[in-house]
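Positions are given from 1, in the same order as the sequence printed here.
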Amino acid sequence: MPLVTPLQETDAEVIELAKFFNETLGFCPNSVLTMMRRPKIATAFINLNMAVMDNKGRVTSALKRLIAYVSSNVTGCRYCQAHTIRAAERYEAEQLQLDNIWEYRTHNAFTDAERVALDFSVAASTIPNGVDDELNQRLHSHWDEGEIVEILGVISLFGYLNRWNDSMATTLEEGAINSGDSLLSLQGWEVGKHT
């Protein structure tokens, strides 16, 4: 049972902003419906999410969702794992990448630039933080400073979401469950407390 029950209806401005998630996920997530109990929090979160996930070039929408998935996996949030893999699929991540996300270091579906971005996601999502000088140099050899800000923006956004949804035990939506079951079950994913 979730810590706080999501709202069904709320502030018209927040509902309008939440339409962003219809493109991303195909539904407004229960996490946002819970945040809507305090519309300023929901509005600030939605605006931050839109800014972070805005595609500015080489850090593609699909890659951002894969970075978010890896980050969510490191922190253990099953709710966000299901959402991010669903969004990666909806943003046309290559099937080979979806199928081999945990072999990203060696699988030929990933470029060196994508590998270091995903390594950065693991290191930055780990406590204590694992970003070191060697990773810093590797990251700068493939990405410019604006792109690094985009990548870390995704990791940081999901740091917030991982804590929010795991603490709330946010109920997973049917579409996210379906994506988790079809794309993550071989890696041991299950709904867990998000029922």
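- A pairwise comparison of heavy atoms in S31 and W164 identifies O-NE1, 3.8 Å as the closest pair.
- S185 contributes no side-chain N or O that, together with a main-chain N or O of S182, makes up a donor-acceptor pair within less than 3.5 Å.
- When every heavy atom of N30 is checked against every heavy atom of T170, the shortest pair comes out as CB-CG2, 3.6 Å.
- Relative orientation of the F110 and Y104 rings is perpendicular, given thresholds of 30° and 60° on the angle between their planes.
- With respect to E147 and R58, a salt bridge is recorded, a charged nitrogen being found less than 4.0 Å from a carboxylate O.
- With contacts defined as side-chain heavy-atom distances shorter than 4.5 Å, the pair V116/W143 qualifies.
- Note that the CD1 atom of I177 and the CD atom of E190 stand 12.0 Å from one another [nearest 0.5 Å].
- Side-chain contact between R65 and T24 is present, with at least one heavy-atom pair separated by less than 4.5 Å.
- Residues I155 and S125 form a side-chain contact, since some pair of their non-hydrogen atoms from C-beta on lies under 4.5 Å apart.
- The backbone N or O of L96 lies less than 3.5 Å from a partner atom in the side chain of N100, making a donor-acceptor pair.
- In summary, the side chains of E173 and H83 do present a donor paired with an acceptor at a separation below 3.5 Å, with no hydrogens or angles considered.
- Under the 4.5 Å side-chain criterion, counting only non-hydrogen atoms from C-beta, N73 is not in contact with W189.
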Fill in: Worked check of salt bridge (charged side-chain N to carboxylate O under 4.0 Å, His left out) between R138 and D112
CA-CA 9 Å; R138 287 179 48 224; D112 287 342; over 6 Å; no
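- One N or O on the side chain of S121 and one on the backbone of I67 form a donor-acceptor pair closer than 3.5 Å.
- Of the possible donor and acceptor atoms, none in the side chain of K193 sits under 3.5 Å from a partner among the backbone N and O of R78.
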